[in-house]
Structures are given as C-alpha cells and as structure tokens.
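Below is one structure, written out as structure tokens; comments come after it.
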Amino acid sequence: MKKIYTYIITLTIIIFISCEKDIILKIDNVEIKQVINCYINENTRIQIYISKSKAIDDNSSIEFISNATVQLYEDGVFIENMQYILENPSNNLGFYLSNYEAKANHTYKIISTVENMKTIEATEFLPPKVTISNYRLIQYPDTIDRNRKGILKFNIEDDGNIDNFYVIDLYESIKTSSIDSLGDSISQINNSGSYFKIIDFSENESYDRRFIDDKKFNGTSKEFTIEFNGNVFNGSNILEQKIVLRISNVGKGYFDYFYSLQKNRGGVSNNNKEPISAISNINGGYGHFSSDNFKTYSIKIQ
C-alpha cells in the first residue's frame with residue numbers, strides 16, 4: 001500500500017511539472033499607440049479623450065495628447081476638425097470637443113493623427129432610444145417579508161430595421177436628510193447598483209448590468225422579468241426610496257467593448273475561465289468610440 005501511495009504522489013508531481021510553462025513577456029520596444037475614450041450621446045456634443053498607451057512595466061502617470069488632429073465625420077461626410085479643450089493644466093488633462101450635437105440614426109467616424117504615432121480610425125452608429133411598454137413592479141420586500149425578491153417586468157419593442165444592442169442597469173436611489181454642524185437641514189442622494197438576473201435568460205450569473213442583443217426577438221415585442229434583492233429601510237431620515245431601471249440602446253462598439261470587459265472580470269474571478277481581451281473598435285489603437293442612447297424608469301418605494 002505504501003508503494004502505491006508513493007507511486008501516486010510521484011505521478012502527480014510529474015504531471016504538475018510537465019504542465020508548467022515558462023511565459024516570456026516581451027516588453028521591450030512596445031509600440032505606443034493612441035488610446036481613445038469617448039461616449040456618444042444624443043443631442044450632446046461629442047467629447048473625446050486621447051492619451052498614450054503604456055508598457056506593462058510603466059508606472060508613470062497617464063500622458064494625455066493635446067496635439068492631435070481629430071477629424072469628425074457624420075454618415076461619411078466630413079464635419080470638422082475637433083477643438084482641443086484644456087481641462088486641467090497641472091496634468092495636461094483635456095479633451096477634443098465637436099461643435100455639433102450628435103443625432104440618433106447617424107453614423108459617426110473619427111480619424112486621429114498624431115506626429116510619430118500610428119493614425120487611428122473608429123466608427124460607431126448612434127441608435128435611437130429604446131421603446132419600452134408595460135413597465136411595472138410586481139413585488140418588493142417589506143417589513144413582513146424582508147427576504148422577498150423584487151420582481152420587475154417590462155417589454156422592449158424592438159425595431160426590426162436595424163440591429164439593436166441593449167444594456168440594462170438596475171440601481172437603488174435613496175434620498176436622506178440630516179442636520180449639519182450649523183443646524184441646517186441637508187439632503188443627500190445615494191445610488192447603489194443592484195445585482196439582478198433576468199428570468200429565462202441564457203446567462204444566469206448576477207451582474208449589476210446585462211448585455212442583450214436582439215437576434216432572438218428582432219422586430220418583435222419581448223417581455224423581460226428581472227429578479228433582484230431589494231432593501232427595506234426604516235427611519236425618519238429617509239425622504240425617498242426609488243428603484244431605477246436604465247435601459248440603453250447602444251452601438252456595436254459599446255456593446256462589444258464593455259461586454260468583453262464584463263466577461264473578462266468573470267474570468268479573472270473564476271480560475272476555470274480564460275481571460276478575454278477587450279474587443280475594441282479603434283483601428284490602430286486602443287480604447288472605445290462608443291454610443292449610448294438611454295432612458296431611465298423609476299418607481300417610488302416610499
């Protein structure tokens with residue numbers, strides 16, 4: 001029996017050693033590229049932050065780029081060279097701002113050129129706001145049953161003429177009152193994300209946001225049922241408690257980039273999953289040039 005145990009232990013060590021691999025990180029002569037950070041919102045001037053990428057061993061502060069030539073196009077037609085706005089002189093933080101407000105159902109493109117760096121391009125479609133019907137709160141915990149799940153139902157009326165990508169966020173908004181040191185009454189609003197799951201949804205993990213495309217219900221009305229943990233608050237300082245549902249109709253660039261980041265976080269916390277690289281629509285660089293057209297719906301709890 002002792003020989004058997006010795007054999008098993010030896011075999012285990014051999015298997016473990018044979019699975020080890022040396023990972024060589026080649027960080028010398030890494031090409032520094034432009035990093036784009038931009039959200040396109042309806043009826044809002046497009047604002048773009050541009051910085052330089054860094055090598056994995058570079059612990060210096062982010063270096064923002066102020067000398068880029070940023071061309072903006074709408075539906076393939078040149079609009080303007082975007083103006084650089086200095087926001088914080090201490091670290092050269094600034095952004096490029098358009099003179100035009102973005103409109104739904106239009107495609108926007110940027111070309112950013114910086115001396116001695118690779119030129120980048122990015123394109124994103126700004127979809128219309130989502131159409132919601134039959135929005136209602138079915139149940140919520142109370143003082144009698146604090147463990148009762150919150151249940152929300154709503155319908156998305158999908159537009160069959162375009163590919164739609166939806167992002168669903170749920171959070172709780174609490175408005176409280178307090179007395180400061182001078183005896184004055186002040187109010188404060190605290191928002192906190194709620195982890196939830198969509199009943200009969202293929203991905204059963206709970207997140208504080210969900211990413212859904214319209215492949216299975218394109219051009220139809222789709223009912224969604226959300227289950228979440230609600231909170232019961234007591235006290236005279238509670239002025240208002242609301243559940244807020246934020247539903248965004250986003251561009252494919254937004255959907256791919258932020259969904260891949262969420263899946264990567266799930267992989268990092270789960271040793272059985274491989275890390276997932278961020279899916280970026282920045283050709284020649286990093287980051288995202290993404291559109292987010294959202295509506296919010298709130299229900300007052302107390």
Side-chain angles (χ1 to χ4, degrees), residues 39 41 129-157 165-213 217 221-250 254-255 257-270 273 290 292-302:
Y39 296 90
N41 304 112
K129 284 183 169 60
V130 62
T131 301
I132 300 297
S133 64
N134 298 322
Y135 170 70
R136 67 261 189 215
L137 180 66
I138 305 301
Q139 67 179 39
Y140 195 80
D142 54 27
T143 54
I144 298 176
D145 186 0
R146 293 178 178 269
N147 295 320
R148 178 191 298 161
K149 295 290 186 179
I151 301 291
L152 269 173
K153 288 182 178 288
F154 61 91
N155 286 62
I156 290 181
E157 307 295 333
F165 303 90
Y166 301 108
V167 179
I168 300 173
D169 297 88
L170 185 70
Y171 62 91
E172 192 169 54
S173 178
I174 307 295
K175 184 177 182 180
T176 59
S177 65
S178 60
I179 304 298
D180 63 15
S181 59
L182 299 177
D184 295 326
S185 178
I186 58 175
S187 62
Q188 183 176 1
I189 297 177
N190 294 308
N191 297 325
S192 59
S194 296
Y195 282 84
F196 64 93
K197 64 179 180 180
I198 300 176
I199 305 301
D200 298 327
F201 191 61
S202 59
E203 296 183 359
N204 294 320
E205 298 96 337
S206 291
Y207 294 106
D208 56 356
R209 58 182 1 206
R210 304 308 293 260
F211 294 78
I212 300 171
D213 60 45
F217 59 96
S221 176
K222 170 67 175 177
E223 182 180 71
F224 291 87
T225 301
I226 288 180
E227 181 182 274
F228 62 99
N229 292 323
N231 293 297
V232 178
F233 295 98
N234 295 317
S236 58
N237 67 319
I238 305 295
L239 300 178
E240 186 179 62
Q241 179 183 356
K242 297 187 297 183
I243 295 297
V244 181
L245 182 68
R246 184 184 190 272
I247 304 179
S248 301
N249 197 4
V250 303
Y254 185 112
F255 188 89
Y257 183 79
F258 289 100
Y259 189 28
S260 64
L261 290 184
Q262 178 167 281
K263 289 193 294 184
N264 189 47
R265 285 195 296 270
V268 169
S269 62
N270 186 339
K273 293 183 178 180
S290 58
D292 176 14
N293 210 352
F294 66 90
K295 284 184 178 180
T296 57
Y297 303 82
S298 61
I299 291 181
K300 186 176 179 180
I301 304 300
Q302 61 171 312

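Only this structure's heavy atoms are used, side chains among them; waters, hydrogens and symmetry mates stay out.
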**Request:** Could you walk me through whether Ile247 and Phe154 pass the side-chain contact (heavy atoms from CB on, under 4.5 Å) test, one step at a time?
**Result:** CA-CA 11 Å; Ile247 304 179; Phe154 61 91; 3.6 Å; yes
Could you go through the side-chain contact (heavy atoms from CB on, under 4.5 Å) check for Asp169 and Val244 one step at a time? CA-CA 8 Å; Asp169 297 88; Val244 181; over 6 Å; no
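- For the atom pair Ile299 CD1 and Leu245 CG, the distance stands at 8.5 Å (nearest 0.5 Å).
- For the side-chain contact (heavy atoms from CB on, under 4.5 Å) test, residues two or more places apart in sequence or in another chain that qualify with Thr131 are Glu157.
- Using a 4.5 Å heavy-atom threshold, the side chains of Ser192 and Tyr171 count as separate.
- A 4.5 Å side-chain heavy-atom check between Leu152 and Leu170 finds at least one atom pair inside the cut-off.
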Donor-acceptor list for residues 223-230 side chains, cut-off 3.5 Å, not counting sequence neighbours:
{"unit_1": "Glu223", "atom_1": "OE2", "unit_2": "Arg136", "atom_2": "NH2", "d": "3.0"}
{"unit_1": "Thr225", "atom_1": "OG1", "unit_2": "Lys153", "atom_2": "NZ", "d": "2.8"}
{"unit_1": "Asn229", "atom_1": "OD1", "unit_2": "Lys149", "atom_2": "NZ", "d": "2.5"}

>> One pair to check against side chain to side chain donor-acceptor pair (under 3.5 Å): Asn191 and Ser173. What are the steps and the verdict?
In response: CA-CA 5 Å; Asn191 297 325; Ser173 178; 3.0 Å; yes
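- Residue Ile186 qualifies as enclosed at atom CD1: its count of foreign heavy atoms under 6.0 Å is above 12.
- With hydrogens and angles ignored, the 3.5 Å screen pairs a side-chain donor or acceptor of Arg148 with a backbone N or O of Tyr140.
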Would you please test Ile243 and Leu137 for side-chain contact (heavy atoms from CB on, under 4.5 Å) and show each step?
CA-CA 9 Å; Ile243 295 297; Leu137 180 66; 5.5 Å; no
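- Using cut-offs of 30° and 60° on the angle between ring planes, the pair Phe217 and Tyr166 is parallel.
- Using a 4.5 Å cut-off on side-chain heavy atoms (C-beta onward), Val130 and Ile156 make contact.
- Put simply, OG on Ser298 and CD on Glu240 are 8.0 Å apart, with the number rounded to the nearest 0.5 Å.
- Of all heavy-atom pairs spanning Thr176 and Ile174, the tightest one is CG2-CG2, 3.7 Å.
- The side-chain contact (heavy atoms from CB on, under 4.5 Å) check on Asp292 picks up Asn41, Arg246, Ser248, Val250, Tyr254, Phe294, with sequence neighbours excluded.
- Evaluation of the side-chain hydrogen bond (donor to acceptor under 3.5 Å, both in side chains) rule for Asn147 yields no partner, not counting sequence neighbours.
- For Asp213, there are no side-chain hydrogen bond (donor to acceptor under 3.5 Å, both in side chains) partners, not counting sequence neighbours.
- Under a cut-off of 6.0 angstrom, the local environment of NZ in Lys175 is sparse, with at most 12 non-hydrogen atoms contributed by other residues, nucleotides or ligands.
- Asn231 and Glu172 share a donor-acceptor pair across their side chains, judged by distance under 3.5 Å alone.
- Applying the side-chain contact (heavy atoms from CB on, under 4.5 Å) criterion to Asn190, with sequence neighbours excluded, gives Gln188.
- Residues Ser290 and Phe255 form no side-chain contact, since every pair of their non-hydrogen atoms from C-beta on lies 4.5 Å or further apart.
- When all heavy atoms of Pro141 and Arg146 are compared, the closest pair comes out as CB-O, 3.6 Å.
- With a 6.0 Å cutoff to the six-membered ring centre and a 45° limit on the axis angle, Lys263 counts as a cation-pi contact of Tyr259.
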Item to complete: Report the C-alpha distance between Phe165 and Phe211 in whole Å, list the side-chain angles of each, state the deciding distance to 0.1 Å, and finish with yes or no for side-chain contact (heavy atoms from CB on, under 4.5 Å).
Response: CA-CA 7 Å; Phe165 303 90; Phe211 294 78; over 6 Å; no
